[in-house]
Amino acid sequence: MTTPPGVDLPLIERNLTFLIADLAGFTALTEIHGSRYAAWVISRYLALVHTALHPAARLAERVGDAVLVVAPEAVSAVRTAVDLRAATERESLFPLLRIGVHGGPVVELDNSYFGTPLNLTARLATHAAAGQILCTESIATAAAHLDGVGFRRLGLVTLKKILAPVSVFEVMTASRNEEATLLDPVCQMRVDPVTMAAQLTHAGRTYHFCSPQCARTFATWVEGSKTPPA
């Protein structure tokens with residue numbers, strides 16, 4: 001009988017919670033503001049990640065502008081996600097995060113993780129809007145008692161390359177003013193209405209910009225009939 005592939009690997013089976021967060025609009029930010037600014041953003045981002053980590057949560061990996069945080073249970077991962085989002089939103093001229101949180105049984109090999117829970121976490125982060133934290137029902141249930149944190153059911157969501165629809169929840173915090181967040185539509189950075197570089201009105205809507213470069217790029221989009229982001 002042929003031995004199945006992988007049976008001789010030194011795999012460790014674990015039940016973990018994953019947090020994946022990436023910077024919304026980072027590609028556009030790099031193109032418009034340059035490599036030096038992008039490098040500074042990543043450096044500052046990693047510092048904020050380390051500060052936001054809750055007990056037993058750890059930064060396992062960074063790939064580009066995405067980070068993978070691993071925690072032994074849901075509460076630590078959700079609290080880390082909430083605090084990391086708050087930390088980045090206190091930064092001036094900094095991108096917002098898109099965060100996904102999910103957990104379950106995976107295998108570990110050489111400090112890397114493999115399994116559907118990790119893949120689903122990545123899909124949640126990709127599905128999230130700028131500034132949004134998404135999680136699954138199991139996470140929402142396990143972290144339901146967290147002070148100052150609520151979970152809003154979004155219903156069943158079809159995620160790319162995930163076979164079955166997933167019951168998705170948005171992580172909400174009472175102290176966060178969702179309506180006050182102004183985003184640059186080009187690089188997706190949070191814009192301070194007092195210090196913003198420019199604003200333009202198109203189709204009855206006013207857009208705010210972190211820099212003249214982003215305003216010019218937006219104007220080029222409009223001239224080329226490219227639909228601005230919602």
### Message
Counting only heavy atoms not in His208 (residues, nucleotides, ligands), do more than 12 fall under 6.0 Å from its NE2?
### Response
yes
### Query
Checking Arg85 side chain against Gly131 main chain: does a donor-acceptor pair fall under 3.5 Å?
yes
### Query
If you take all heavy atoms of Ala74 and Thr17, which pair is closest and at what distance?
N-OG1, 3.4 Å
### Task
Kindly give the cluster partners of Leu120, where membership spreads through any ILVMFWY side chain lying under 4.5 Å from a current member.
Leu124, Leu134, Leu154, Val157, Leu159, Ile162, Val166, Val168
### Query
Just by distance, do the side chain of Arg123 and the backbone of Lys160 share a donor-acceptor pair under 3.5 Å?
yes
### Query
Is the side chain of Asp184 donor-acceptor paired with the backbone N or O of Cys210 at a distance under 3.5 Å, no angle test?
yes
### Task
Would you please name every residue forming a salt bridge (Lys or Arg N to Asp or Glu O under 4.0 Å) with Arg216, sequence neighbours left out?
none
### With Val171, the side chain to side chain contact (heavy atoms under 4.5 Å, CB included) member among Ile133, Val101, Ile99
Ile133
## Note on the structure
Here the pair of heavy atoms bringing Cys214 nearest to His33 is SG-NE2, 3.8 Å
### Common cluster, Val78/Leu16, ILVMFWY with side-chain heavy-atom separation under 4.5 Å
no
### Query
Can you name the closest pair of heavy atoms from Pro95 and Leu29 and give their distance?
CG-CD1, 3.5 Å
### Query
For the residue pair Tyr207 and His202, does the interplanar ring angle fall in the parallel (under 30°), tilted (30 to 60°) or perpendicular (over 60°) class?
tilted
### Query
Between His102 and Thr136, is a side chain to side chain donor-acceptor pair (under 3.5 Å) present by the stated rule, with each step listed?
CA-CA 6 Å; His102 179 52; Thr136 53; 2.7 Å; yes
### Query
Which atom pair, heavy atoms only, marks the closest approach of Thr30 to Ala38?
OG1-CB, 3.4 Å
### Task
Using side chain to side chain contact (heavy atoms under 4.5 Å, CB included) as the criterion, point out the one residue from Leu19, Val49, Val70 that pairs with Leu59.
Val49
### Query
For residues 41-52, which residue pairs qualify under side-chain hydrogen bond (donor to acceptor under 3.5 Å, both in side chains), counting only residues two or more places apart or in two chains?
Arg44-Glu91
### Message
To the closest 0.5 Å, what do you measure between CG (Leu84) and NE2 (His54)?
### Response
10.0 Å
## Note on the structure
When every non-hydrogen atom of Tyr37 is compared with those of Leu93, the smallest separation belongs to OH-O, 2.7 Å
### Message
Strictly distance-based, threshold 3.5 Å: is any side-chain N or O of Thr201 a donor or acceptor partner for the main-chain N or O of Gly204?
### Response
no
### Message
I'd like to know if the side chain of Glu31 and the backbone of Ala28 have a donor-acceptor N/O pair within less than 3.5 Å.
### Response
no
### Task
Give a yes or no answer on whether the side chain of Ser76 reaches the backbone of Pro72 with a donor-acceptor pair at less than 3.5 Å.
no
### Query
Leu46 versus Arg62: any side-chain heavy-atom pair under 4.5 Å?
yes
### Task
Assess whether side-chain contact (heavy atoms from CB on, under 4.5 Å) is satisfied between Leu23 and Phe94, documenting all intermediate values.
CA-CA 9 Å; Leu23 299 170; Phe94 204 85; 4.2 Å; yes
### Message
Main chain of Asp65, side chain of Asp22: is a donor-acceptor contact present, judged purely on distance under 3.5 Å?
### Response
no
### Message
Would you say that more than 12 heavy atoms from the other residues, nucleotides or ligands in this model lie under 6.0 Å from the CG of Leu156, or not?
### Response
yes
### Side chain Ser167, main chain Glu137, donor-acceptor under 3.5 Å
no
